Protein chains: 2
Amino acid sequence: MNAASYLQLDRVIHERGRLAIMSLLAATTELPFTGIRDALEMTDGNVTTHLRTLQEAGYVAVTKSFQKGRPHTTVALTVTGRKAFQHHVDLLAQIVERARSGPSFEARVMSGGRLRPQS
Amino acid sequence: MNAASYLQLDRVIHERGRLAIMSLLAATTELPFTGIRDALEMTDGNVTTHLRTLQEAGYVAVTKSFQKGRPHTTVALTVTGRKAFQHHVDLLAQIVERARSGPSFEARVMSGGRLRPQS
DNA sequence: TCCGTCCACTTTGCAATACAAAGTAACTTC
DNA sequence: GAAGTTACTTTGTATTGCAAAGTGGACGGA
């Protein structure tokens with residue numbers, strides 16, 4: 001429960017756009033490329049690059065096919081992705097809680113001297 | 001309660017490092033530069049630049065002085081900053097909630113067609 | 001009193017990346 | 001068969017997160 005637990009925040013997930021995508025995917029099972037783009041009002045290019053980043057991290061599975069001669073891409077969370085997102089959400093929940101509890105123990109701990117662990 | 005409400009996420013606050021700083025400040029009243037650096041295990045330069053960004057956004061007030069011949073910098077949230085952070089936290093709370101509720105209405109709404117508002 | 005070191009920052013340089021405009025490719029409509 | 005639409009991907013740019021190096025004042029030893 002260190003204040004520096006923020007370091008655990010996964011940058012791949014934390015970025016605005018990707019947080020939104022992960023959030024959306026977590027609430028469903030699978031979404032088409034266009035569904036993501038339209039729901040989040042993102043540009044096509046933006047969706048593509050974020051999906052690539054998420055895919056490279058192993059957080060989403062991207063399935064490409066042709067339907068009626070058109071490319072059709074669907075995206076789903078992987079098990080890893082769902083776990084990572086869950087963990088991220090837990091960290092955010094901690095931040096939310098601490099922020100809502102207002103000035104607390106940290107005020108007493110922090111105002112004093114150095115706390116740097118064991119550099 | 002749109003899925004695209006993620007667009008409201010303030011980039012100045014959302015960035016990992018600054019979210020941590022804001023979070024820390026929200027829990028106290030005022031902190032020294034070194035307190036932030038040590039609590040979050042950040043490099044000096046990192047703290048400086050994030051503080052500048054937050055200051056330029058009007059979210060924190062930075063006070064510089066000399067104490068015992070050493071520079072001494074303290075940081076506190078402004079009223080604007082506290083409000084903005086609160087709003088941000090509320091948005092995060094929404095994401096957390098939705099993520100925890102699992103597959104829900106969005107699954108039904110989204111899997112179908114286009115929803116792009118009125119482009 | 002000069003030298004080196006420490007502390008508390010700030011400046012600078014680089015590598016990463018978010019974003020949209022432009023490009024591609026297959027189909028459909030006029 | 002030309003023009004438009006859909007579903008993406010590639011490319012260029014401008015931003016920015018980050019740490020290494022720099023600054024300046026205080027202090028301790030020789």
Side-chain angles (χ1 to χ4, degrees), chain A residues 4 6-22 30-57 59-60 62-75 110 112-116 119, chain B residues 4 6-22 30-57 59-75 110-116 119:
Chain A
Y6 90 99
L7 286 168
Q8 289 180 41
L9 284 174
D10 185 339
R11 307 181 102 100
V12 171
I13 298 180
H14 190 64
E15 199 279 329
R16 243 168 50 120
R18 288 189 297 265
L19 187 65
I21 292 177
M22 292 291 280
E30 194 185 48
L31 283 174
F33 180 96
T34 51
I36 294 171
R37 179 197 61 192
D38 296 341
L40 301 178
E41 295 170 41
M42 282 180 169
T43 57
D44 296 3
N46 206 348
V47 173
T48 297
T49 47
H50 281 322
L51 285 183
R52 178 162 48 231
T53 306
L54 289 172
Q55 194 182 9
E56 277 165 7
Y59 292 163
V60 301
V62 178
T63 313
K64 294 176 194 196
S65 63
F66 264 74
Q67 281 181 17
K68 268 189 75 79
R70 291 271 165 71
H72 187 74
T73 304
T74 60
V75 188
M110 288 293 311
R114 306 207 132 212
L115 301 177
R116 216 198 276 259
S119 69
Chain B
Y6 89 99
L7 286 167
Q8 289 180 44
L9 284 174
D10 185 339
R11 305 184 104 101
V12 171
I13 297 180
H14 190 64
E15 200 279 329
R16 240 167 53 119
R18 287 190 297 264
L19 187 64
I21 292 177
M22 292 291 280
E30 192 184 50
L31 284 173
F33 180 96
T34 51
I36 294 172
R37 179 196 62 192
D38 296 343
L40 302 178
E41 295 170 40
M42 281 179 169
T43 58
D44 296 4
N46 206 349
V47 172
T48 297
T49 48
H50 281 323
L51 285 184
R52 178 162 46 231
T53 307
L54 289 172
Q55 194 182 9
E56 277 165 7
Y59 292 164
V60 301
V62 178
T63 312
K64 297 178 191 193
S65 62
F66 264 73
Q67 282 182 16
K68 267 189 77 78
R70 292 270 164 72
H72 186 73
T73 304
T74 60
V75 188
M110 288 293 311
S111 45
R114 307 206 132 214
L115 300 178
R116 215 199 276 259
S119 67

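Excluded from the calculations below are hydrogen atoms, water molecules and symmetry mates; all remaining heavy atoms, backbone and side chain alike, are included. So you know, we letter chains A, B, ... as the sequences are listed, proteins then strands, and number each from 1. Please read these numbers as outputs of a predicted model, since none were measured by experiment.
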Could you check how far [atom1] of [X] sits from [atom2] of [N], rounded to whole Å?
X       : N      : atom1 : atom2 : value
A:Arg11 : C:dT17 : CZ    : P     : 8 Å
A:Asp44 : C:dA22 : CG    : C1'   : 12 Å
B:Gln55 : C:dT10 : CD    : P     : 9 Å
A:Ile36 : D:dT9  : CD1   : P     : 12 Å
A:Leu51 : D:dA7  : CG    : C1'   : 13 Å
B:Leu7  : C:dA20 : CG    : C1'   : 15 Å
B:Leu54 : D:dG17 : CG    : P     : 10 Å
A:Tyr6  : D:dG17 : OH    : P     : 12 Å

Select from A:Thr49 and A:Arg70 the residue whose nearest nucleotide in DNA chain D is closer to the 5' end of that strand.
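Checking each residue's closest nucleotide, the 5'-ward one belongs to A:Arg70.
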Between D:dA19, D:dT10, D:dA7, spot the one nearest the side chain of A:Thr34, thanks.
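Ranking D:dA19, D:dT10, D:dA7 by closest atom to the A:Thr34 side chain puts D:dA7 first.
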Would you compute the distance between atom CD1 of B:Ile36 and atom CG of B:Leu51 and round it to the nearest 0.5 angstrom?
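Result: 5.0 Å between the selected atoms.
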Tell me, do A:Ile21 and A:Tyr59 make a side-chain contact under 4.5 Å, heavy atoms counted?
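Of all side-chain heavy-atom pairs linking A:Tyr59 with A:Ile21, none is under 4.5 Å.
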Within the 4.5 Å heavy-atom criterion, are B:Thr63 and B:His72 side-chain neighbours or not?
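Side chain of B:Thr63 against side chain of B:His72, heavy atoms only: no contact under 4.5 Å found.
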Which part of the nucleic acid does B:Gly45 contact within heavy-atom distance under 4.0 Å: base, sugar-phosphate only, or nothing?
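Base contact.
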In terms of the nearest nucleotide of DNA chain C, which residue is placed more toward the 5' end: B:Thr73 or A:His50?
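Its nearest nucleotide being more 5', the pick is B:Thr73.
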Where B:His14 and B:Leu19 come nearest, the two heavy atoms and their spacing
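Scanning both residues, the minimum pair turns out to be O-CB, 4.0 Å.
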When you check the phosphate oxygens OP1 and OP2 of [N], does a side-chain N or O of [X] lie under 4.0 Å from one of them?
X       : N      : value
A:Arg37 : D:dT6  : no
A:Lys64 : D:dA7  : no
B:Asn46 : D:dG17 : no

B:Arg18 and its side-chain contact (heavy atoms from CB on, under 4.5 Å) partner, picked from B:Asp10, B:Thr53, B:Thr49
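The single option meeting the side-chain contact (heavy atoms from CB on, under 4.5 Å) with B:Arg18 is B:Thr53.
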